[in-house]
Novice: 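Starting off with a structure, shown below.
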Amino acid sequence: MILEKIDQLLEEVKNISASNADEIEALRLKYLSKKGAITALMNDFRNVPADQKKAVGIKINELKQTAQERINALKEQLETSDNEAEMIDLTRTPYPVRLGTRHPLTIVTNEIIDIFSRMGFVLADGPEVEDDLHVFTKMNFAADHPARDMQDTFFVDQSETGDVTKNILLRSHTSSVQARVMENSQPPIRIICPGRVYRNEAITARAHCFFHQVEGLYIDKNVSFTDLKQVLLSFAREMFGADTKIRLRPSYFPFTEPSAEMDISCHICGGKGCGFCKHTGWVEILGCGMVDPNVLEQCGIDSKVYSGYAFGMGVERITNLKYRVSDLRMFSENDTRFLREFEAAD
């Protein structure tokens with residue numbers, strides 16, 4: 001008789017449920033308290049015949065353990081539900097959250113890095129807060145060069161200590177990375193240096209106080225201008241198409257001699273002339289040249305043994321050419337409508 005009662009309670013305990021803490025406590029009291037059903041069975045245990053005590057004892061212990069485990073499980077389930085309810089953000093939009101995409105400047109920077117990496121260039125990086133030595137002096141800028149002026153450069157600290165002037169600034173070009181690599185390495189050096197740079201300019205549709213550059217440097221024995229031209233031609237055709245043509249125009253940069261600016265044939269009109277290329281058929285994309293011997297010597301490299309070339313381009317400029325973005329400010333305004341236009345390019 002008592003075994004049937006235990007089996008009945010065991011089946012009942014296995015199917016108990018509760019939706020709140022009060023109901024769980026009521027179940028605990030019903031089965032496990034001093035006046036509960038299981039305690040009552042244990043009180044009746046003294047009346048069980050001696051030959052049945054072992055079997056009945058095992059069954060009562062099984063019932064008690066099952067009841068305790070089931071009630072603990074209900075408590076844990078209730079706590080989990082409460083935690084999940086607390087984690088619900090009631091201010092969240094009911095509409096699905098759109099996934100983001102890579103920024104157009106990131107897309108183009110990665111493409112540029114990929115092209116030059118396949119030519120053997122290694123990625124190099126450096127600090128954005130730099131000193132005058134690496135930004136200007138080691139790059140062969142004269143002491144009175146206009147780029148050192150406050151009108152062009154963001155100086156963080158121009159304090160004077162005794163005979164030493166401490167010029168700390170936001171780098172105005174990533175050439176400072178080249179200087180740091182050259183002073184800590186010996187040729188052959190073949191690096192690509194992407195990064196953000198800063199110049200004290202008015203923010204307009206065509207200019208910004210910060211923008212992004214990718215510069216390249218190759219130093220070894222017997223490096224010539226022909227090597228530079230071939231690398232840039234390969235880059236232009238990889239980036240803008242196999243039919244792209246280039247031309248090099250004489251120019252001036254303090255850290256290269258001779259220096260040149262490179263144009264590519266307008267990929268919009270095919271070189272015939274349009275509003276984008278100002279009806280010339282050509283669009284300027286970068287500056288380049290052979291590394292000035294003074295720069296090599298400043299960085300501890302023997303200019304009589306080694307020679308090299310360098311080039312630099314604005315990432316915003318390349319992005320404009322690829323995607324025809326007319327306003328530079330769009331790149332830094334985080335307008336999701338604008339950024340979503342580049343989902344397919346990611």
Side-chain angles (χ1 to χ4, degrees), residues 102-130 134-135 138-139 147 170-182 185 189-199 201 206-219 223 227-241 244 246 248 251 253-256 259-264 267 283-291 295 308-325 328 330-332 342 345-346:
R102 292 187 189 275
H103 194 279
L105 295 180
T106 302
I107 295 171
V108 172
T109 300
N110 289 343
E111 189 173 354
I112 294 171
I113 292 172
D114 178 64
I115 292 171
F116 283 108
S117 294
R118 285 187 270 115
M119 297 184 196
F121 287 82
V122 178
L123 198 64
D125 194 13
E128 294 184 13
V129 180
E130 262 289 6
H134 292 92
V135 175
K138 286 185 178 290
M139 287 292 106
L170 299 180
R171 66 184 181 189
S172 55
H173 51 199
T174 53
S175 301
S176 56
V177 181
Q178 299 179 23
R180 288 187 175 275
V181 171
M182 284 189 286
S185 308
I189 297 171
R190 193 194 298 257
I191 58 171
I192 192 82
C193 316
R196 180 180 294 179
V197 298
Y198 306 83
R199 293 182 189 173
E201 297 182 2
R206 300 177 62 84
H208 210 291
C209 62
F210 70 84
F211 53 98
H212 300 78
Q213 284 186 336
V214 175
E215 296 195 24
L217 173 71
Y218 176 44
I219 300 175
V223 177
D227 300 322
L228 170 62
K229 182 179 179 181
Q230 186 58 47
V231 163
L232 296 181
L233 176 61
S234 299
F235 163 73
R237 289 180 173 173
E238 286 267 1
M239 179 63 72
F240 299 105
T244 302
I246 68 170
L248 297 169
S251 186
F253 303 108
F255 35 84
T256 53
S259 302
E261 291 181 346
M262 190 181 92
D263 303 331
I264 62 169
H267 63 290
V283 182
E284 177 194 339
I285 67 165
L286 58 82
C288 61
M290 301 301 295
V291 179
V295 173
Y309 61 71
F311 56 86
M313 65 191 79
V315 178
E316 282 82 352
R317 179 68 169 166
I318 303 298
T319 307
N320 283 343
L321 291 174
K322 285 184 68 69
Y323 301 117
R324 302 179 69 178
V325 180
L328 283 177
M330 296 294 294
F331 292 127
S332 56
F342 298 90
D346 188 359

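Just so you know, these numbers use all the heavy atoms, side chains as well, and skip hydrogens, waters and symmetry mates.
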Novice: Search all heavy atoms of Ser172 against all heavy atoms of Val135 and return the closest pair with its distance.
Specialist: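 Result for this residue pair: OG-CG1, 3.8 Å.
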Novice: Sequence neighbours left out, what pairs pass salt bridge (Lys or Arg N to Asp or Glu O under 4.0 Å) with at least one residue falling in residues 118-127?
Specialist: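 For residues 118-127: Asp114-Arg118, Arg118-Glu238.
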Novice: Nearest heavy-atom pair of Ala310 and Thr256: which atoms, and what distance?
Specialist: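 Residues Ala310 and Thr256, closest heavy atoms: CB-CG2, 4.3 Å.
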Novice: Which atom pair, heavy atoms only, marks the closest approach of Cys193 to Thr174?
Specialist: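 The pair with the smallest heavy-atom distance is O-OG1, 3.4 Å.
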Novice: I need the His134 NE2 to Met182 CE distance, nearest 0.5 Å.
Specialist: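 With rounding to 0.5 Å, NE2 (His134) is 10.0 Å from CE (Met182).
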Novice: Quick one: does any side-chain atom of Arg171 pair with a main-chain N or O of Gly126 as donor and acceptor, under 3.5 Å?
Specialist: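 Yes; judged by distance alone, with no hydrogens or angles, the pair exists.
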Novice: Can you name the residues that form a side-chain hydrogen bond (donor to acceptor under 3.5 Å, both in side chains) with Asn320, not counting sequence neighbours?
Specialist: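 With sequence neighbours excluded, Asn320 shows a side-chain hydrogen bond (donor to acceptor under 3.5 Å, both in side chains) to no residue whatsoever.
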Novice: So for atom NZ, which belongs to Lys229, do other residues, nucleotides or ligands contribute more than 12 heavy atoms lying within a distance under 6.0 Å?
Specialist: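 Counting other residues, nucleotides and ligands, NZ of Lys229 stays at 12 neighbours or fewer.
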Novice: Please verify the inter-ring angle class for Phe116 with Phe121; under 30° counts as parallel, over 60° as perpendicular, anything in between as tilted.
Specialist: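 Answer is perpendicular, since the angle exceeds 60°.
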Novice: Any sub-3.5 Å donor-acceptor pair from Arg237's side-chain atoms to Thr244's backbone N or O?
Specialist: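 It does hold such a pair.
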Novice: Between Gln213 (side chain only) and His173 (backbone N and O only), is there a donor and an acceptor less than 3.5 Å apart?
Specialist: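 Checked: no pair found.
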Novice: Please check if atom CZ in Arg206 has more than 12 non-hydrogen atoms from other residues, nucleotides or ligands closer than 6.0 Å.
Specialist: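 It does not: Arg206 CZ has 12 such atoms or fewer within range.
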Novice: Closest heavy-atom contact between Ala124 and Pro194?
Specialist: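 Closest approach of Ala124 to Pro194, heavy atoms only: O-CD, 3.8 Å.
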Novice: How far does CD1 of Ile264 sit from CG of Leu233, to the nearest 0.5 angstrom?
Specialist: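 With rounding to 0.5 Å, CD1 (Ile264) is 11.5 Å from CG (Leu233).
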Novice: For side-chain contact (heavy atoms from CB on, under 4.5 Å), just list the numbers for Phe342 and Val325, CA-CA rounded to whole Å, side-chain angles, deciding distance to a tenth of an Å, and then say yes or no.
Specialist: CA-CA 11 Å; Phe342 298 90; Val325 180; 4.2 Å; yes
Novice: Which heavy atom in Glu215 sits nearest to a heavy atom in Ser175, and how many Å separate them?
Specialist: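 Shortest heavy-atom separation between Glu215 and Ser175 comes out as OE1-OG, 2.7 Å.
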Novice: Name the orientation class of the two ring planes belonging to Phe255 and Phe253 (parallel below 30°, tilted from 30 to 60°, perpendicular beyond 60°).
Specialist: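 The arrangement is parallel - the two ring planes meet at less than 30°.
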Novice: Are the side chain of Arg317 and the backbone of Glu284 linked by a donor-acceptor contact shorter than 3.5 Å?
Specialist: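 Side chain of Arg317 to backbone of Glu284, a donor-acceptor pair under 3.5 Å: yes, one is there.
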Novice: Going through the distances and angles, do Met239 and Met313 end up as a side-chain contact (heavy atoms from CB on, under 4.5 Å)?
Specialist: CA-CA 13 Å; Met239 179 63 72; Met313 65 191 79; over 6 Å; no
Novice: Flag the pair Ile192 / Val122 as yes when at least one side-chain heavy-atom distance between them is below 4.5 Å, and no otherwise.
Specialist: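 With C-beta onward as the side chain, the pair stays apart.
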Novice: Run the numbers on Phe235 and Ile285 for side-chain contact (heavy atoms from CB on, under 4.5 Å), then give the verdict.
Specialist: CA-CA 11 Å; Phe235 163 73; Ile285 67 165; 4.3 Å; yes
Novice: Flag the pair Gln178 / Val295 as yes when at least one side-chain heavy-atom distance between them is below 4.5 Å, and no otherwise.
Specialist: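 They are not in side-chain contact.
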Novice: Measure the spacing between SG of Cys288 and CG of Leu232 and express it to the nearest 0.5 Å.
Specialist: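 Separation between the atoms: 5.5 Å.
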Novice: In residues 106-113, what donor-acceptor pairs under 3.5 Å come from side-chain atoms, sequence neighbours left out?
Specialist:
from: Thr109; atom 1: OG1; to: Leu105; atom 2: O; distance (Å): 2.7
from: Asn110; atom 1: ND2; to: Thr106; atom 2: O; distance (Å): 3.3

Novice: Does Val181 reach the side chain of Leu217, with side-chain heavy atoms less than 4.5 Å apart?
Specialist: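 Val181 does not reach Leu217 side chain to side chain.
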Novice: Could you walk me through whether Thr319 and His212 pass side-chain contact (heavy atoms from CB on, under 4.5 Å), step by step?
Specialist: CA-CA 11 Å; Thr319 307; His212 300 78; over 6 Å; no
Novice: Measuring from atom CD of Glu128 to atom OG of Ser176, what distance do you get when rounded to the nearest 0.5 angstrom?
Specialist: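 Between Glu128 CD and Ser176 OG, I get 9.5 Å after rounding to 0.5 Å.
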Novice: Specify the closest pair of heavy atoms between Met262 and Ala236, including all atoms of both residues, with the distance to one decimal.
Specialist: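 Distance-wise, the nearest heavy atoms are CE-CB, 4.4 Å.
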Novice: Is the closest side-chain heavy-atom distance between Tyr218 and Val231 below 4.5 Å?
Specialist: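 A side-chain contact is absent here, since even the closest heavy-atom pair is not under 4.5 Å.
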Novice: Using side-chain heavy atoms (C-beta onward) and a distance below 4.5 Å, is Leu328 in contact with Phe211?
Specialist: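 Not touching, per the 4.5 Å side-chain cut-off.
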